[in-house]
Amino acid sequence: MFPPDSFNKTPVMKKFAWGIIGPGGIASQFVADFQWINTHHCFVKAIYSHRKESAEEFAGKHAGAEVFTDIDAFVTHSGVQAVYIATPHSYHYKYAAICLKHKIPVLCEKPLTISYPQTQELIHLAQQYQTLLMEGMWVRYLPSFSKLIHLVEEGDIGDVISIKASMSYRAPKDENSRYYNPELGGGALLDLGIYTLFLSVLFMGRPDQVHASARKSAKGIDEHSVVLLSKKQQQYALLESSILVKTKNDAVISGCKGTITIHEPWNEKPKGISIEWNDGSTADIPCEWPGSGFQYETEAFLQTWESGQAECDRMPYQTSLLLAELADIIKNQIGVAYPAEGKV
Ligand SMILES: NC(=O)c1ccc[n+]([C@@H]2O[C@H](COP(=O)([O-])OP(=O)(O)OC[C@H]3O[C@@H](n4cnc5c(N)ncnc54)[C@H](OP(=O)(O)O)[C@@H]3O)[C@@H](O)[C@H]2O)c1
């Protein structure tokens, strides 16, 4: 007896052609995780950068990828099925808008834009052109977050009362770098604090009070920000972000029955998750997965794209809008404004 034809054949995965806009550090990590995607064979078809050198260097690692330094030529002739935007923040809006107007689906790094009006306008374009737009809030899709959300939703720690999170990285003090340059949307809040805001929004929704304070650089960006959010004087979030000092990057969610800690680095592959209940019992959950973890975000994007929706259920437009609104309130309180933020 011979086995049937399909026996022993590995299923053929559909190919998916990505365009990369902003071929820097995180774009390399995003692409490196293509190998762990189970649903599609993803590859880099085209790269756009403002400098030929950076696009060509990236292309050197991706055989057959075409290099563009003219964005109009990229959106018209590259033939990509979707783009991943990973430029400095202040260019997210410009490139996402032009791609959406050409009906090219967009996965854009966090923060989606540098202001609420820009985020609102991108969402409007996604709806108008019926084209997928997703903010690359990668933590939302990590197995650690799936576990955390499951634990909270199942009521393991009871009603959430307190969220404490810190995100920090000692960025090189270069006034021209994307961390410190206001022209590029520099500062701790939009780069790192956005994760802490997301954690708070995930479990608390819209706060009714926001109090923020920041230490600012000579050029007026926030090097270190602290934010207190509260809702109906029942729920509180204490959030800290810094590009100046290294704090302990843990996230702690406390409810009336117990506390969950996602250990450092909580927005990447954490050392683990611990739970301590009020009765003294404890549990430790390991966090292991292959690669960095971008594959989970990419799979969510591809799944949404396959379904024909313009909005991802797990990172809905309302969440991106709320993040942008809160970021604008905080920026206003701490006196941070970017030259590019009004331009829509
Ligand atoms: N999800 C995450 O875990 C994560 C982690 C880090 C960063 N990010 C986000 O990803 C974005 C990029 O961060 P990164 O650390 O990768 O920065 P990066 O290493 O500086 O890379 C930025 C890339 O964009 C290019 N670029 C700069 N200006 C451009 C323009 N006007 N048009 C087109 N390309 C331009 C740069 O080219 P040149 O080098 O030639 O200037 C470089 O290739 C940021 O928005 C950040 O928030 C996300």
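Fair warning: this is a prediction, and the values are worked out from it, not measured in the lab. All ligand and atom numbering here is 1-based and tracks the order in the structure.
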- Message: Looking at Lys103 and Tyr129, would you say the former's side chain and the latter's main chain have a donor-acceptor pair under 3.5 Å?
- Response: yes
- Task: Collect the protein residues that have a non-hydrogen atom under 4.0 Å from ligand 1 and hand them over in chain and number order.
- Result: Gly22, Pro23, Gly24, Gly25, Ile26, Tyr48, Ser49, His50, Arg51, Ser54, Ala86, Thr87, Pro88, His89, Tyr91, His92, Tyr95, Glu109, Lys110, Trp138, Arg178, Asp191, Tyr195, Phe294
- Query: Does any donor atom in the side chain of Glu299 or Tyr141 lie under 3.5 Å from an acceptor atom in the other side chain?
  - Reply: no
- Item | Exam field: side chain Lys331 to backbone Leu190, donor-acceptor pair closer than 3.5 Å | no
- Residues forming a side chain to side chain contact (heavy atoms under 4.5 Å, CB included) with Ser281, sequence neighbours excluded: Trp277, Asp279
- Task: Sort and list the pairs that fulfil salt bridge (Lys or Arg N to Asp or Glu O under 4.0 Å) and have at least one residue in residues 164-176, not counting sequence neighbours.
- Result: Lys173-Glu223
Let me have the donor-acceptor pairs involving side chains of residues 27-44, under 3.5 Å, with sequence neighbours excluded, atom names and distances please.
{"unit_1": "Ser28", "atom_1": "OG", "unit_2": "Gly24", "atom_2": "O", "d": "3.2"}
{"unit_1": "Gln29", "atom_1": "NE2", "unit_2": "Ser292", "atom_2": "OG", "d": "3.2"}
{"unit_1": "Asp33", "atom_1": "OD1", "unit_2": "Ser292", "atom_2": "N", "d": "3.1"}
{"unit_1": "Asp33", "atom_1": "OD2", "unit_2": "Ser292", "atom_2": "N", "d": "3.2"}
{"unit_1": "Asp33", "atom_1": "OD2", "unit_2": "Gly293", "atom_2": "N", "d": "3.0"}
{"unit_1": "Asp33", "atom_1": "OD2", "unit_2": "Phe294", "atom_2": "N", "d": "2.9"}
{"unit_1": "Gln35", "atom_1": "NE2", "unit_2": "Ala32", "atom_2": "O", "d": "3.0"}
{"unit_1": "His40", "atom_1": "NE2", "unit_2": "Glu306", "atom_2": "OE2", "d": "2.7"}

